[in-house]
Structures are given as structure tokens and as C-alpha cells.
Amino acid sequence: LCERCLASMPAKTNETDCSYHVIVGSFSIYENAVNFRSTVEKKGYKAQLIETSKGLTYVSAQCFSTRENATAAISKIYSDIDVKGWVLSR
């Protein structure tokens, strides 16, 4: 993990260039994604919904300009939300 990268990032905010999302949920029912996004936002994250071509809706807890920063943030997000995340590149 890039601890220096993580320490230099503003906490729980999205970077300007948002190419790498930390996905913390995947839902086939849109309303469930909306409800979970609210849960994530209550933890202080600017969560986003991402709809896929396969009918799923992902919940992104946070997005970053680099894969390194996104990967480094996964353990912090996990400790806050108690959901193991993964990185989606867009």
C-alpha cells in the first residue's frame, strides 16, 4: 500500500480526475443501490452510482485519479464501511 499517497489525499472526498472507483456494492435492484449509497454517504463518503450494461448498479464509495491511490484507500474504506471493496477503472 502507498501510505504516503493515502496520507496526502483529502479524506473521504473524490479527486478531480475520477478514473478509478472503489466499488463497495453491486446490485441488480436499483433501489437497493440507492439505499446502500445513503449508508455509505452517512459514513462521510461522496458515494456515486454507476450503472452497467449488464443491468447492475455499482456503488462507488470514492474515486481517484490513479489506481495506486484507489488501491491504497481500500483498507480505510473497509474499516469505515465494513465491506471489502475493489477497483473499477472507467
Please name all residues satisfying side chain to side chain contact (heavy atoms under 4.5 Å, CB included) with Ser89, sequence neighbours left out, ordered by chain then number. Tyr20, Arg67

Minimum heavy-atom distance Ala70-Val22, with the two atoms named: O-CG2, 3.6 Å

Check Val83 against Val24 and note the closest heavy-atom contact, atom names and distance. CG1-O, 3.0 Å

By ring-ring contact (aromatic ring centres under 6.0 Å, His included) - contacts of Tyr58 (at least two apart): Trp86

Do [X] and [Y] have side-chain heavy atoms sitting under 4.5 Å apart?
X     : Y     : value
Val59 : Leu49 : yes
Val34 : Phe27 : no
Ile81 : Tyr45 : yes
Ile50 : Arg90 : yes

Apply side-chain contact (heavy atoms from CB on, under 4.5 Å) to Glu41 and Lys46, showing your working. CA-CA 6 Å; Glu41 288 174 337; Lys46 292 186 177 181; over 6 Å; no

Name all residues meeting the side-chain hydrogen bond (donor to acceptor under 3.5 Å, both in side chains) criterion together with Thr39; count only those two or more places apart in sequence or in a different chain, and write none if there are none. none

So, does Ser79 use its side chain to make a donor-acceptor pair with the main chain of Lys76 at under 3.5 Å? yes

Taking only residues at least two apart or on different chains, which pairs with a member in residues 25-37 satisfy side-chain hydrogen bond (donor to acceptor under 3.5 Å, both in side chains)? none

